[in-house]
2 protein chains.
Amino acid sequence: MTERATDSFQDWLRDRAPERGLRPKAAALLEVLLSQPRRASFGSAAELAQLAGVNVATVTRTAQALGFAGWPALQQELRARYLSSLSAPQVAAEHSGEGSPSSRSLRRDLDSLALLNRRLDESVLRTIAEAVAAAGRTVIVADGSYAAVGMALAHNARLAGYPVAAVTSGDAELANTVSVIGPGDVLIAISFWRLYESTVLAANEARARGARVFALTDAASPALADAAEEVVMVPAEGVAFFPSLTAGMAVAQALVTQLATVDPARTSASIERAEGMWSKFGLLHRRPAPHAPGDEPG
Amino acid sequence: MTERATDSFQDWLRDRAPERGLRPKAAALLEVLLSQPRRASFGSAAELAQLAGVNVATVTRTAQALGFAGWPALQQELRARYLSSLSAPQVAAEHSGEGSPSSRSLRRDLDSLALLNRRLDESVLRTIAEAVAAAGRTVIVADGSYAAVGMALAHNARLAGYPVAAVTSGDAELANTVSVIGPGDVLIAISFWRLYESTVLAANEARARGARVFALTDAASPALADAAEEVVMVPAEGVAFFPSLTAGMAVAQALVTQLATVDPARTSASIERAEGMWSKFGLLHRRPAPHAPGDEPG
DNA sequence: CCAAAATTGCAATGTTCTTTGCACATTCTT
DNA sequence: AAGAATGTGCAAAGAACATTGCAATTTTGG
């Protein structure tokens with residue numbers, strides 16, 4: 001199985017943890033190391049600490065708790081294992097002919113993303129990101145399955161500290177939202193495959209009201225192109241009946257990444273606030289407490 | 001092929017050298033960087049200097065001669081290209097170098113997808129698809145930004161003709177939904193980066209109630225793995241603070257594609273019904289909408 | 001509800017690593 | 001062959017980084 005290499009990487013790291021005495025913050029850090037092996041392999045202790053929402057000191061102490069001299073020692077081990085997990089299944093990549101529908105879908109998405117990567121003009125994304133950053137408010141209109149992309153974009157943009165809202169729950173809400181859009185606002189219309197009537201209407205209305213309008217779509221539609229200042233074209237061809245949301249999601253991701261660099265201080269502050277809220281509300285999962293009687297907390 | 005990727009890596013590095021003015025020691029160092037990319041990606045300037053038989057200062061100066069600010073800058077570039085050559089041979093040929101945050105995000109997603117493409121065991125997706133197809137009902141639990149993936153999956157699965165619902169609007173609704181889950185049902189937990197407490201709870205509860213439980217996650221967490229019959233591991237590492245949703249979306253897409261082939265007749269019929277509804281409700285855009293508001297809905 | 005233990009954050013400390021000024025060596029030109 | 005220019009090494013300055021002592025806060029056990 002191609003999974004073995006990666007599994008062994010994660011298993012290995014997990015096995016080093018004294019199952020009982022793993023402190024909450026140490027566990028949080030461990031999750032980051034497991035889920036972001038690339039960054040863990042290269043980054044500094046401080047970078048990983050920030051990512052895990054812990055103090056730098058905790059990184060060192062966790063490394064020591066795992067049986068290493070310190071962070072550098074742990075990192076060296078991580079590198080070796082992560083790299084071998086990358087190169088081990090290297091041969092399996094070639095078969096591009098047949099396969100199950102799911103494999104074909106993945107390969108198609110891979111192709112689409114490669115195409116997108118070559119075609120996309122990054123200055124457009126920068127323009128949009130700066131517009132969102134400067135806007136008093138940003139509304140994302142996304143209907144049908146593309147609502148998912150809109151939601152993700154809005155969610156992460158808010159996390160980055162900007163007032164971005166996705167309108168996904170029907171034409172009534174859409175009408176209400178658009179009715180208060182004005183100059184200084186931004187509207188992003190996300191529409192693939194088939195344009196929804198209401199999306200086009202909203203885009204035109206927002207434009208008429210003086211807002212800046214951008215569009216994410218898979219086909220140059222005159223209807224949207226007229227209303228939009230910039231149109232981002234995204235390949236959305238899927239294997240089956242369904243258009244693929246993967247490339248659109250990648251654009252959303254890229255957009256948020258760009259947005260996060262417009263005003264880094266603002267974004268950092270916003271993220272810190274959000275993290276504070278998460279822990280305050282107890283949203284994150286803590287490892288189950290040990291059941292065995294008589295075991296000492298580490 | 002490894003050769004090709006390595007070649008492009010080498011070509012890129014060679015091309016940066018000013019053809020005329022390459023000093024002997026700098027050339028020697030360059031050979032080391034080319035022949036030992038792994039060490040070049042991780043090692044310190046001093047280590048590489050010793051390997052090339054040159055002084056530490058030469059490393060810094062060579063990096064600057066190649067157009068970088070210094071050794072760290074060059075090394076970062078080397079890492080990106082070397083890792084790409086490991087994880088995405090077919091992609092590394094193109095521009096993998098510097099760029100705006102948005103381009104880097106796209107490239108990272110591309111890498112992640114390539115990794116996913118090789119790592120993913122398609123039989124797992126088939127198992128899940130068949131379970132969903134056979135289930136009386138399927139519930140998708142997805143919190144945080146990954147609610148978007150859950151929504152997309154549910155939306156398209158419904159389109160394919162299966163009763164799939166995403167629970168994304170808070171713990172109260174989640175509790176209500178889980179309370180009626182039972183044998184013959186399926187629960188899919190989507191959770192990345194940090195596990196939400198309620199997601200883990202829901203998965204365990206559903207398992208206890210006799211439902212089949214599957215998980216999509218970026219790190220094999222024992223908390224979810226214990227409850228899940230199968231765990232699909234998805235790379236979610238993003239460029240900025242935000243975890244990337246792209247690979248997760250690709251998996252959702254692949255899953256739906258697989259699902260659509262389980263019972264093609266059922267899916268076709270469902271899609272036809274949906275199309276009929278769309279046109280009946282006038283949802284799709286037909287004519288370009290005029291700029292003036294008050295246009296009659298199609 | 002209090003006391004003891006432990007965990008985490010802050011900040012100072014010590015280490016490692018990169019860069020750069022300066023001097024010597026080598027090469028190219030006149 | 002001598003002078004100029006460039007390449008290279010050495011060593012110190014400077015920056016980044018990991019580690020650890022200490023204090024505050026939280027958790028555990030009585």
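This is a predicted model, so every value here is computed, not measured. Letters go in sequence order (proteins before strands), and every chain restarts at 1.
Closest non-hydrogen pair, A:Ala165 versus A:Arg158, comes out as CA-NH1, 4.1 Å. Of all heavy-atom pairs spanning A:Ala160 and A:Thr267, the tightest one is O-OG1, 3.0 Å.
C:dT15 atom C1' lies 18 Å from atom CH2 of A:Trp71, rounded to whole Å. Atom CD in A:Gln50 sits about 12 Å away from atom P in D:dC17, given to the nearest Å. Between A:Leu29 atom CG and C:dT8 atom P the separation is 11 Å, expressed in whole Å. Note: CZ (A:Phe68) to P (D:dA18) measures 16 Å, nearest angstrom. Between the CG atom of A:Leu48 and the P atom of D:dT19 there is a distance of 12 Å, given to the nearest Å. Following rounding to the nearest Å, A:Glu47 (CD) and D:dA16 (C1') show an atom-to-atom distance of 13 Å. A straight line from CZ of A:Phe42 to C1' of D:dA18 spans 19 Å, rounded to a whole angstrom. We find that CD of B:Gln76 is positioned 19 Å from P of C:dC17, with the value rounded to whole Å.
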Can you check nucleotides 20-27 of chain C for protein contacts, nitrogen or oxygen pairs under 3.5 Å, and list what you find?
residue	atom	partner	partner atom	Å
C:dT20	OP2	B:Gln64	NE2	3.0
C:dG21	O6	B:Arg61	NH2	2.8

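Between B:Ser103 and B:Ser100, the side chains place a donor N or O and an acceptor N or O closer than 3.5 Å (distance only, hydrogens not considered).
Counting only distance, with no hydrogens or angles, the side chain of B:Glu229 and the backbone of B:Arg212 share no donor-acceptor pair below 3.5 Å.
Side-chain N/O atoms of A:Thr58 include one lying less than 4.0 angstrom from OP1 or OP2 on C:dG9.
Residue-environment remark: CD (B:Gln76) stays at or below the threshold of 12 foreign heavy atoms within 6.0 Å.
Applying side-chain contact (heavy atoms from CB on, under 4.5 Å) to A:Leu125 and the options A:Thr257, A:Leu120, A:Val256, A:Leu259 leaves one that passes, A:Leu120.
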